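Encoded as structure tokens, the structure appears first; notes follow it.
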Amino acid sequence: MSKFYITTPIYYVNDKPHIGHAYTTILADVLTRFHRRAGDEVFFLTGLDEHGQKVQQAAQKRGMSEQAHCDDLAPRFLDLWKKLGIEYSDFIRTTQDRHVKVVQDALQKVYDKGDIYADEYEGWYSVAEERFITEAEKESGAFRDVKMLKERNWFFRMSKYQQALIDHINAHPGFIQPDHRKNEILGFLKKPLADLCISRPKARMSWGIELPFDKEYVTYVWFDALLNYVTGIGYGADEEKFKMWWPATVHLMAKDILTTHSVYWTTMLFSLGLPLPERIFAHGWWLIGETKMSKSLGNVVNPLDLIDQYGVDAVRYFLMREMVLGQDANFNLEAFVKRYNSDLANDFGNLLNRVSGLIGKYFDKNIPGCETLSADDEAVTQIAKALPEKVKELVACFAVHDAIEEVMKLVRFVNAYLEKQAPWKVAKADLPRAGTILYVATESLRISAVLLSPVMPSRTDTILDILSAKGAEPVWGKLISGVTLKSHDALFPRIEQEAA
RNA sequence: CGCGGGGUAGAGCAGCCCGGAAGCUCGUCAGGCUCAUAACCUGAAGGUCGACCGUUCAAAUCGGUCCCCCGCAACCA
């Protein structure tokens, strides 16, 4: 038994929850459930980033306090997680006392160490956006009223830890995943790292955590937000709990915030004298056509709509099965319907109907006994017996889509096995033999359901309930002969083309 | 010469490290089955493996050159 501490980024409270947020969080939930089922001690942290300029501006616009604005918006995420069946261990908000106090302690600690200094910051400033912009942003021409501005600010000596970071990445091949992302970061680190501006003058932006050593400033949102990974598990407050969970097993995120995590966060940890997380994993983006799904482009697909129509398990399954490890994936309704019908309705759900129909007809709904196995039976059982280990290995390297596919291979194989064995014919001449065939098929289905339960907790629970096998391990032979199948409806009703 | 990833059947991908009959899912077509959710099973069609040159008995795989697409280059799952 080992420990598994996983995090999602804390999402910006001002954002409208979209498929990207849902994907990261479902992935974290699925991995957590896999590990919990494998007997690991798990901690799954997610939450909200509630500071920063956009929150301040939005609150002012609505004529309410920033905190009231955050409190008003937070349920958009909380409700979605509830609807998506997310079982997080804790939900942290950066405006909570437990976070604010510890961030200030951390700032003081880094300051005392001499890793924070004051300097003039000079750069392109967008008057309209009220923030400094990068050279690339200026070049894009998307910003008006751009002028050179000089401002006194506080800086974190990120450059001091550049070499230590490069060494760490090279010494720990799995630290940044997938590999091509690691190469990007190493490429990024070939250039000298500049120090990070970690303050914002209150005169310009006051909705943030005040610097303990300068009351005229609040801290930069990233310095605040990243610390949630340690404040959420008791850093600086509950040392026993903190020692139990830190370092994190994995920080999960989309590729766009990989740099902040692998450079800002790691150097902050170096300065604080804390060990680095074991792994930083960047997944891809969901695209519609060629463009990223995001709020700014106005092409948001609300996962809530899909859940209401097709059920939460179908949405979780689609997102987990369709996105390949570390790559971008395309989202469209047609692909969703295709995936749902072929995998869930035709293969998986239909297999349940096949076996339960036959057991109902020939065995009065009682799960038959299993007699001597034929070579064909053995072919099935061997796959089923090897499957849990295979799935475990794939999940360990975040290949959730491959793990799912391995299970679906068994499901397809069992459908072909039934076709070949034709228990509906055998039953008329040799009932015990038909029973054995059905036992083999049903037990394979049960094991498949257990292995898919982290992805589809709700419907697999229904299957296991029908089989009276809740809580049983995915080990061959745990299906109990003689128990009566519960009656049920189609598990995943086929979506007809008109609906698409 | 900034760094990196990729181009394989109509679509999406695996295979490449370690050369040895081109594979998977979806789609299309034909047949089978009739337990099941118009489902399931079997088979077929469909590929100059981006292009060219080279190494080799043998190249999707190794080497070289070129073309095209994409990512990173300090906002955003």
Side-chain angles (χ1 to χ4, degrees), chain A residues 8-12 15 17-28 52-54 129 131-137 158 178-191 193-194 196-197 221-222 252-260 263-264 282-286 290 292-297 321-322 324 326-330 334-335 338-339 341-362 401-402 405 408-409 412 414-427 434 437-438 441 489-497:
Chain A
T8 72
I10 47 174
Y11 307 117
Y12 203 55
D15 284 346
H18 55 70
I19 193 168
H21 300 116
Y23 175 75
T24 312
T25 311
I26 291 170
L27 180 57
Q53 185 156 268
K54 280 178 186 161
E129 284 279 312
R131 68 176 178 96
F132 283 93
I133 59 174
T134 64
E135 194 67 30
E137 283 176 324
M158 204 155 69
D179 279 340
H180 66 273
R181 297 290 166 206
K182 176 183 79 176
N183 293 336
E184 282 178 11
I185 295 300
L186 283 172
F188 177 71
L189 289 169
K190 277 179 186 163
K191 282 182 284 184
L193 210 50
L196 184 67
C197 177
V221 286
W222 274 112
L252 208 60
M253 72 208 63
K255 60 187 184 181
D256 46 53
I257 51 172
L258 178 63
T259 308
T260 46
V263 182
Y264 297 7
H283 63 72
W285 278 336
W286 283 93
E290 294 303 307
K292 188 184 117 187
M293 290 203 177
S294 77
K295 193 178 117 194
S296 55
L297 291 170
R321 176 63 187 79
E322 205 71 8
V324 174
Q327 292 182 26
D328 289 347
N330 264 285
E334 199 190 346
K338 229 173 228 177
R339 185 59 79 183
N341 277 344
S342 66
D343 288 9
L344 298 179
N346 299 350
D347 289 344
F348 190 62
N350 187 41
L351 179 58
L352 173 67
N353 276 26
R354 297 182 84 177
V355 297
S356 83
L358 287 161
I359 290 172
K361 194 166 176 183
Y362 297 105
H401 68 291
D402 281 335
E405 184 56 22
M408 291 312 296
K409 271 183 191 163
R412 284 185 217 112
V414 172
N415 271 318
Y417 164 81
L418 281 180
E419 196 69 25
K420 193 177 171 195
Q421 302 300 320
W424 50 91
K425 281 183 186 165
V426 174
I437 295 164
L438 288 172
D489 296 322
L491 205 61
F492 293 101
R494 205 181 144 75
I495 301 170
E496 296 309 328
Q497 283 313 69

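For clarity, every value in this text was computed on a predicted model and none was experimentally measured. Lettering of chains follows the sequences in order, A, B, ..., and the numbering in each one begins at 1.
- The interatomic distance linking A/Lys255 (NZ) with B/C70 (P) rounds to 12 Å, in whole Å.
- Only the C1' atoms considered, B/A39 is 12 Å distant from B/C33, to the nearest whole Å.
- Distance check on atom P: B/G2 versus B/C24 gives 42 Å, rounded to whole Å.
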Counting Watson-Crick and G-U wobble pairs with both distances under 3.5 Å, what is the dot-bracket string for RNA chain B, 5' to 3', using [ ] for crossing pairs and | for pairs to another strand? .(((((((.[[[[.)....(..]]]].(((((.......))))).....[[[[[..)....]]]]])))))).....
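- Spacing between B/A14 and B/G5 at atom P, rounded to whole Å, works out to 15 Å.
- Comparing B/C72 with B/U25, their C1' atoms sit 31 Å apart, to the nearest whole Å.
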May I have the step-by-step check of side-chain contact (heavy atoms from CB on, under 4.5 Å) for A/Tyr417 and A/Ile437, ending in yes or no? CA-CA 9 Å; A/Tyr417 164 81; A/Ile437 295 164; 3.8 Å; yes
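- Counting non-hydrogen atoms under 4.0 angstrom, A/Ala422 reaches nothing in the nucleic acid.
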Would A/Arg339 and A/Arg321 count as a side-chain contact (heavy atoms from CB on, under 4.5 Å) if you check the C-alpha gap in whole Å, the side-chain angles of each, and the deciding distance to 0.1 Å? CA-CA 9 Å; A/Arg339 185 59 79 183; A/Arg321 176 63 187 79; 3.7 Å; yes
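- Residues forming a side chain to side chain contact (heavy atoms under 4.5 Å, CB included) with A/Thr260 (at least two apart in sequence, or on another chain): A/Trp222, A/Ile257, A/Tyr264.
- Here A/Lys409 pairs with A/Glu406 under the salt bridge (charged side-chain N to carboxylate O under 4.0 Å, His left out) rule; sequence neighbours left out.
- One interatomic measurement links the two molecules: CD1 of A/Ile185 to C1' of B/G5, which rounds to 15 Å at whole-angstrom precision.
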Under 4.0 Å protein heavy-atom contacts per nucleotide of nucleotides 24-40 of chain B, with B for base, S for backbone only and - for none: -SS-----BSSBBB-SB
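- Across all strands, A/Phe188 comes closer than 4.0 Å to base atoms (heavy-atom distances).
- We find that CE of A/Met253 is positioned 11 Å from P of B/C76, with the value rounded to whole Å.
- Salt-bridge annotation for A/Lys338 and A/Glu322: absent, with no side-chain N of the basic residue lying under 4.0 Å from a carboxylate O of the acidic one.
- Scored by the side chain to side chain donor-acceptor pair (under 3.5 Å) test, A/Lys420 finds A/Asp376 as partners (sequence neighbours excluded).
- Backbone-only contact: A/Tyr11 has heavy atoms under 4.0 Å from sugar-phosphate atoms and none from a base.
- The distance between atom CG of A/Asn183 and atom P of B/C3, rounded to the nearest whole Å, is 13 Å.
- If you find the closest nucleotide of RNA chain B to A/Leu186 and to A/Thr24, the one lying nearer the 5' end belongs to A/Leu186.
- Of the residues near RNA chain B, A/Lys190 and A/Trp222, the one whose nearest nucleotide (by heavy atom distance) lies more toward the 5' end is A/Lys190.
- For A/Lys190, the salt bridge (charged side-chain N to carboxylate O under 4.0 Å, His left out) test picks out no residue, with sequence neighbours left out.
- Residues meeting the salt bridge (charged side-chain N to carboxylate O under 4.0 Å, His left out) test with A/Glu419, sequence neighbours left out: A/Arg354.
- Atoms NZ (A/Lys191) and P (B/C72) sit 13 Å apart, rounded to a whole Å.
- Atom C1' of B/C76 sits at a distance of 39 Å from the matching atom of B/U61, rounded to the whole Å.
- Taking A/Phe348 as the reference, nothing meets the ring pair (Phe, Tyr, Trp, His ring centres under 6.0 Å) condition, with sequence neighbours excluded.
- B/C35 sits 43 Å from B/A21 when the P atoms are compared, rounded to a whole Å.
- Here the separation of B/C16 from B/A30, taken at their C1' atoms, is 35 Å to the nearest Å.
- As rounded to the nearest Å, B/G50 and B/U28 have C1' atoms that lie 26 Å from one another.
- Every residue meeting the side chain to side chain contact (heavy atoms under 4.5 Å, CB included) condition with A/Ser356, not counting sequence neighbours, appears here in chain and number order: A/Leu485, A/His488.
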